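Taking it in order: structure first as structure tokens, then the write-up.
Below, each value reflects all heavy atoms present in this structure, side chains not excepted, and no hydrogens, waters or symmetry copies. Keep in mind that this is a model prediction, so the values were computed, not measured.
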Amino acid sequence: MQITVNINGRNYTEDVAPDLVLLDFLRAHGCYSVKRGCETSNCGLCTVHLDGKPVLSCSVLAVRADGKSVTTLEGLQKEAEEFGGFLADEGGEQCGFCSPGFIMNVLAMVKELENPTEQEIQEYLAGNLCRCTGYQSQLRAIKKYLAWKQEGSK
């Protein structure tokens with residue numbers, strides 16, 4: 001079936017198999033930040049924004065994105081670099097494998113929640129698995145990033 005999907009500001013129209021997952025569609029179009037991890041919607045590595053909301057692209061069929069806008073990390077370079085600096089400063093990016101999906105969720109959270117508590121941050125990011133950091137360095141990075149954003153908006 002034919003679909004048209006806007007990926008990072010550029011439209012793509014093509015015929016796809018009805019069972020093609022969005023993750024594979026995105027990678028076929030050069031979005032290599034979108035990674036395959038668990039294929040069971042449990043790790044968060046494949047997180048993208050579909051019409052501005054975070055979704056797991058391994059569990060969304062490409063046909064469900066027809067007529068919609070998909071943003072990947074490649075489309076959020078400035079924001080990703082800003083937060084990525086905080087993540088690196090806190091030692092929250094060790095191997096980096098989980099970082100693209102994690103960063104996508106953090107950026108979605110920043111847009112969705114105003115002044116989130118530590119518990120709200122943890123709940124929002126509960127679906128992101130990281131085998132290296134133990135999460136404390138990531139949490140510190142998020143808190144410092146949020147404080148920095150708050151300072152900049154004054």
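When the salt bridge (charged side-chain N to carboxylate O under 4.0 Å, His left out) test is applied to K68, no partner is found at least two apart in sequence or on another chain. For L20, the side-chain contact (heavy atoms from CB on, under 4.5 Å) partners are V16, D24, F25, A62, not counting sequence neighbours. In this view, T72 and N8, E74 satisfy the side-chain hydrogen bond (donor to acceptor under 3.5 Å, both in side chains) rule, not counting sequence neighbours. Partners of R140 under the salt bridge (charged side-chain N to carboxylate O under 4.0 Å, His left out) rule, at least two apart in sequence or in another chain, are E90. The side-chain hydrogen bond (donor to acceptor under 3.5 Å, both in side chains) check on D19 picks up nothing, with sequence neighbours excluded. For the side-chain hydrogen bond (donor to acceptor under 3.5 Å, both in side chains) test, residues two or more places apart in sequence or in another chain that qualify with Y12 are R10. Residues passing the side-chain contact (heavy atoms from CB on, under 4.5 Å) test with C46 are L23, V34, L56, S57, C58, sequence neighbours excluded. With sequence neighbours left out, the side-chain contact (heavy atoms from CB on, under 4.5 Å) criterion links D66 to I3, T4. With sequence neighbours left out, E123 forms a side-chain hydrogen bond (donor to acceptor under 3.5 Å, both in side chains) with Q119.
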Considering only distance and modelled atom types, tabulate donor-acceptor pairs under 3.5 Å from the side chains of residues 75-87, sequence neighbours left out.
| unit_1 | atom_1 | unit_2 | atom_2 | d |
| --- | --- | --- | --- | --- |
| Q77 | NE2 | L73 | O | 3.0 |
| K78 | NZ | E82 | OE2 | 3.0 |

Please tabulate, one pair per line, all N/O donor-acceptor pairs under 3.5 Å involving side-chain atoms of residues 105-114, not counting sequence neighbours.
| unit_1 | atom_1 | unit_2 | atom_2 | d |
| --- | --- | --- | --- | --- |
| N105 | ND2 | T47 | OG1 | 3.4 |
| N105 | ND2 | N128 | OD1 | 2.9 |
| E112 | OE1 | Y124 | OH | 3.0 |

Verdict with supporting geometry, N11 and V5, side-chain contact (heavy atoms from CB on, under 4.5 Å) = CA-CA 6 Å; N11 286 327; V5 180; over 6 Å; no
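Note on residues 48-64: no pairs pass salt bridge (charged side-chain N to carboxylate O under 4.0 Å, His left out), not counting sequence neighbours.
Scanning all heavy atoms of the two residues, the minimum distance from N115 to Q150 falls at OD1-NE2, 3.2 Å.
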